[in-house]
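Below: the structure, in structure tokens.
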Amino acid sequence: MKIATWNVNSIKARIGNVLDWLKQAQPDVACLQELKTVDDAFPRDVIEELGYNVAVHGQKTYNGVAVLSKVPFDDVIIRLPGDGSDEQARYIEVVVTPAKQPVRIASIYLPNGNPVETEKYTYKLSWMDRLIDHAQHLLEYEEPLVLAGDYNVIPTPDDVHNPEGWSGDALFRPETWHKFRQLQSLGLTDAFRACDATPHRYTFWDYQGGAWQKDHGIRIDHLMLSPQAADRLKTCDIDQHVRAWERPSDHVPVWIELDV
DNA sequence: ATGCCGGGCGAAGCCCGA
């Protein structure tokens with residue numbers, strides 16, 4: 001089972017690229033982020049025509065997450081628990097059951113958090129606390145679980161071109177690393193690092209300053225796996241060629257192959 | 001590079017992203 005995550009930076013602007021990539025990459029499940037549109041405006045029909053079931057949690061202008069799956073959903077949950085006043089569309093979780101057993105998959109868009117001296121960073125940290133609590137709960141099911149998405153976390157200096165330049169940034173701060181390590185300490189595995197120790201492999205390149213051409217990127221899109229998923233992990237890779245397409249997203253797809 | 005792109009909104013120029 002191939003499971004991918006991709007921050008598309010507007011599904012309306014990116015639908016051509018998304019359809020081309022779906023046809024080429026043939027993921028069984030695709031977690032999308034930053035749709036920047038409401039549910040009713042999501043281009044559901046053209047995606048369903050490729051054989052996908054669609055679960056969307058959209059929002060006008062900002063955020064928005066979706067899961068596309070060739071296997072129908074058994075269950076769909078929107079919103080991360082822990083703060084009923086949080087209106088931002090950053091979390092959708094589904095359960096699918098391919099041949100053998102259920103697999104729980106979430107598409108997450110973790111807050112950026114900049115600038116750090118504002119409520120944006122406290123929102124990021126509290127959102128991470130909620131994710132830790134929810135992950136702890138989900139891990140109790142002891143089933144294959146994949147928390148995939150744009151984490152807006154650069155895990156280590158090996159995951160950025162110029163660590164010095166990112167010092168103090170919300171994606172690269174001790175408090176952010178601490179929360180990310182808490183997730184890992186619960187038993188969640190960074191799928192890419194479980195497969196590939198190569199430093200300086202990236203999933204995002206800024207539109208500005210020729211960042212893509214110079215390979216000045218960061219690795220911030222992650223698939224975090226429960227032990228039951230990690231045991232079945234076959235491969236993980238980054239579809240970085242998609243960044244060179246016409247009108248690209250600034251992020252590229254990351255995917256895993258699970259033996260389920 | 002606290003904004004060089006790029007997208008949304010909405011019809012110019014500001015807000016936002018990472």
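We name chains A, B, ... by the order of the sequence lines, and we start the count at 1 in each one.
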Apply side-chain hydrogen bond (donor to acceptor under 3.5 Å, both in side chains) to A/Q26 and list each qualifying residue two or more places apart in sequence or on a separate chain. A/K70
Value in whole Å for how far the [atom2] atom of [N] lies from [atom1] of [X]:
{"X": "A/D206", "N": "B/dC16", "atom1": "CG", "atom2": "P", "answer": "17 Å"}
{"X": "A/N63", "N": "B/dC16", "atom1": "CG", "atom2": "C1'", "answer": "10 Å"}
{"X": "A/N114", "N": "B/dC16", "atom1": "CG", "atom2": "P", "answer": "13 Å"}
{"X": "A/K124", "N": "B/dG17", "atom1": "NZ", "atom2": "P", "answer": "11 Å"}
{"X": "A/K60", "N": "B/dG10", "atom1": "NZ", "atom2": "C1'", "answer": "10 Å"}
{"X": "A/E246", "N": "B/dG6", "atom1": "CD", "atom2": "P", "answer": "11 Å"}
{"X": "A/H251", "N": "B/dC5", "atom1": "NE2", "atom2": "C1'", "answer": "13 Å"}
{"X": "A/L35", "N": "B/dG6", "atom1": "CG", "atom2": "P", "answer": "21 Å"}

Would you mind telling me which of [options] lies closest to the side-chain atoms of [X]?
{"X": "A/Q208", "options": "B/dG17, B/dC9, B/dG3", "answer": "B/dG3"}
{"X": "A/Y109", "options": "B/dG3, B/dG17, B/dG7", "answer": "B/dG17"}
{"X": "A/E34", "options": "B/dC9, B/dG17, B/dG7", "answer": "B/dG17"}

Remember a base hit wins even if backbone is also touched, and classify A/I154 as base, sugar-phosphate or nothing at under 4.0 Å, heavy atoms. nothing
May I ask you to say what A/D150 touches in the nucleic acid, namely base, sugar-phosphate or nothing, with a heavy-atom cut-off under 4.0 Å? sugar-phosphate
Side chain proximity check, A/L22 to A/P27, heavy atoms < 4.5 angstrom: yes
Nearest-Å distance once atom [atom1] is located in both [N] and [M]:
{"N": "B/dG10", "M": "B/dC16", "atom1": "P", "value": "15 Å"}
{"N": "B/dC14", "M": "B/dG3", "atom1": "C1'", "value": "13 Å"}
{"N": "B/dA12", "M": "B/dG7", "atom1": "C1'", "value": "16 Å"}

OP1 or OP2 of [N] less than 4.0 angstrom from a side-chain nitrogen or oxygen of [X], does that happen here?
{"X": "A/R247", "N": "B/dC5", "result": "no"}
{"X": "A/K36", "N": "B/dC9", "result": "no"}
{"X": "A/R14", "N": "B/dG6", "result": "no"}

If you assign A/T37 and A/N7 each to the DNA chain B nucleotide with the nearest heavy atom, which residue ends up on the more 5' nucleotide? A/T37
Pick the closest DNA chain B nucleotide for A/I220 and for A/G210 by heavy atoms, then say which residue is nearer the 5' end. A/G210
salt_bridge(A/D190, A/R219) N-O dist < 4.0 Å: yes
Atom CD of residue position A/E246 - does it have more than 12 heavy atoms of other residues, nucleotides or ligands inside 6.0 Å? no
Are more than 12 heavy atoms from other residues, nucleotides or ligands located less than 6.0 Å from atom CG of A/N162? yes
Heavy-atom pair with the smallest gap, counting every atom of A/K179 and A/I132: O-CD1, 3.6 Å
